[in-house]
Amino acid sequence: FDIITNIDYWVVEAAFKTLQQSPSFLSSITFVSINLSGPSLAAKDFHIFVENKLAHYQIPPHKICFEITETAAITNLHNAKQFIRQMKRLGCQFALDDFGSGLSSFGYLKQLPVEYLKMDGMFVKDIESDPIDLAMVESINQIGHVMGMKTIAEFVENEEIKTILTELGVDYAQGYGIGKPILFEHLIKK
């Protein structure tokens with residue numbers, strides 16, 4: 001329905017407002033990830049909106065990590081690079097999400113200055129039984145590390161997958177084997 005950019009505007013503002021209203025949570029975390037769509041990367045004034053909201057809600061930019069999908073970044077490469085540069089100038093961080101799916105190319109990694117490389121879960125979920133998936137995860141992890149990125153594996157559903165990822169040297173993991181999603185209200189009460 002062509003409203004994804006409007007949703008991104010809402011999500012960014014709602015996230016910043018929630019963080020401002022939860023100062024003890026904000027001070028206890030390394031960063032919060034916010035997913036952005038490709039059209040938002042191409043939106044002319046989206047970076048100005050984000051800058052203004054960071055200032056308005058007094059959110060330290062280093063506490064924000066924007067996640068952009070590999071496909072969105074490649075489709076909007078010029079805009080993605082420009083948005084990343086503008087936000088990194090403020091101190092925000094970036095993760096390239098779902099790497100390995102779609103239009104994957106290691107060559108694009110050299111053009112996208114991101115701190116985190118998230119491996120698509122379709123490779124991770126079967127690494128204990130599929131040698132091709134294992135080789136893909138190992139390769140993505142090695143390239144990411146050579147480029148100075150931290151790597152994140154999605155779809156970590158059990159201890160066996162977690163153990164293999166640890167042996168490969170993957171930096172972070174997410175999935176039901178690590179923890180299930182919970183409401184923010186429950187998270188800040190911990």
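The figures here come from the full heavy-atom set of this structure, side chains too, leaving out hydrogens, waters and symmetry mates. The shown structure was predicted, so the numbers you read here are calculated from the model rather than taken from an experiment. Nothing fancy with the numbering, it's 1 onward along the sequence.
- The two residues I4 and P39 make their nearest non-hydrogen contact at CG2-CG, 3.7 Å.
- Follow the hydrophobic side-chain contacts under 4.5 Å out from I3 and you reach V12 in the same cluster.
- Exactly one residue among Y116, F94, F31, F46 makes a ring pair (Phe, Tyr, Trp, His ring centres under 6.0 Å) with F66. That residue is F94.
- In the hydrophobic clustering of this structure, M136 groups with I161; members are Ile, Leu, Val, Met, Phe, Trp, Tyr whose side-chain heavy atoms approach within less than 4.5 Å, directly or through other members.
- Closest heavy-atom contact between G100 and I140: CA-CD1, 4.4 Å.
- With hydrogens and angles ignored, the 3.5 Å screen pairs no side-chain donor or acceptor of T151 with any backbone N or O of N141.
- With rounding to the nearest 0.5 Å, the separation of CG in D133 from CG in D120 is 10.0 Å.
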* Intermediate values then yes/no, side chain to side chain donor-acceptor pair (under 3.5 Å), S24 and S27 -> CA-CA 5 Å; S24 61; S27 67; 5.9 Å; no

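- The heavy-atom pair separating A72 from G38 by the smallest distance is CB-CA, 3.5 Å.
- Enclosure of atom CD1 in I132 is not indicated, since only 12 or fewer non-hydrogen atoms of other residues, nucleotides or ligands lie within 6.0 angstrom.
- With rounding to the nearest 0.5 angstrom, the OG1 atom of T18 is 9.0 Å from the OH atom of Y57.
- A search for side-chain hydrogen bond (donor to acceptor under 3.5 Å, both in side chains) contacts involving K53 returns E13, not counting sequence neighbours.
- With rounding to the nearest 0.5 Å, the separation of CD1 in I152 from CG in L117 is 8.5 Å.
- Both I182 and F25 are part of a single hydrophobic cluster, where members link through side-chain heavy atoms under 4.5 Å apart.
- Taking CD1 of I84 as the reference point, atom CD of Q111 lies at 11.0 Å (rounded to 0.5 Å).
- Of all non-hydrogen atoms in A95 and C65, the two that sit nearest each other are N-SG, 3.8 Å.
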* Run the side chain to side chain contact (heavy atoms under 4.5 Å, CB included) check on T71 and D98 step by step: do they pass? -> CA-CA 8 Å; T71 304; D98 294 335; over 6 Å; no

* To do: Assess whether side chain to side chain contact (heavy atoms under 4.5 Å, CB included) is satisfied between M149 and L109, documenting all intermediate values.
  => CA-CA 10 Å; M149 300 173 191; L109 286 178; 4.1 Å; yes

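- In this structure, Q21 places its CD atom where more than 12 heavy-atom neighbours from other residues, nucleotides or ligands lie under 6.0 Å away.
- Each side chain to side chain donor-acceptor pair (under 3.5 Å) pair with one or both residues in residues 154-165, not counting sequence neighbours, would appear here, but there are none.
- In terms of heavy atoms, K118 sits closest to Q174 at NZ-OE1, 3.0 Å.
- Between K63 and L26 there is a side-chain heavy-atom pair separated by less than 4.5 Å.
- In this structure, the side chains of I64 and Q93 stay at 4.5 Å or more apart for every pair of heavy atoms.
- For K150 and E115, the salt-bridge test fails: no basic side-chain N is under 4.0 Å from an acidic carboxylate O.
- Between the side chain of S22 and the backbone N or O of L19, no donor-acceptor pair lies under 3.5 Å.
- Cluster annotation: L187 is not connected to L183 through the hydrophobic network of ILVMFWY side chains, with a link wherever side-chain heavy atoms come within less than 4.5 Å.
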* To do: Assess whether side chain to side chain donor-acceptor pair (under 3.5 Å) is satisfied between D97 and T69, documenting all intermediate values.
  => CA-CA 4 Å; D97 196 10; T69 65; over 6 Å; no

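- Closest of all the heavy-atom pairs between L36 and F83 is CD1-CE2, 3.6 Å.
- The line from CG of D126 to CZ of F155 is 10.5 Å long, rounded to the nearest 0.5 Å.
- By the 4.5 Å heavy-atom criterion applied to side chains, E67 and L96 are not counted as neighbours.
- Follow the hydrophobic side-chain contacts under 4.5 Å out from Y172 and you never reach Y176; the two are in separate clusters.
- Looking at D45, its side chain never comes within 3.5 Å of a backbone N or O of I48 through a donor-acceptor pair.
- The shortest distance between side-chain heavy atoms of L134 and D130 does not fall below 4.5 Å.
- At least one side-chain heavy atom of L112 sits under 4.5 Å from a side-chain heavy atom of L77.
- The side-chain contact (heavy atoms from CB on, under 4.5 Å) check on E138 picks up Q142, L168, with sequence neighbours excluded.
- In this structure, I143 and F99 have side chains that are not in contact, with every pair of non-hydrogen atoms separated by 4.5 Å or more.
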* Steps toward side chain to side chain contact (heavy atoms under 4.5 Å, CB included) verdict (K88, R85) -> CA-CA 5 Å; K88 284 177 73 83; R85 275 195 303 272; 5.9 Å; no

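- Summarising the geometry, atom CD1 belonging to I59 is positioned 10.5 Å from atom SG belonging to C92; distances are rounded to the nearest 0.5 Å.
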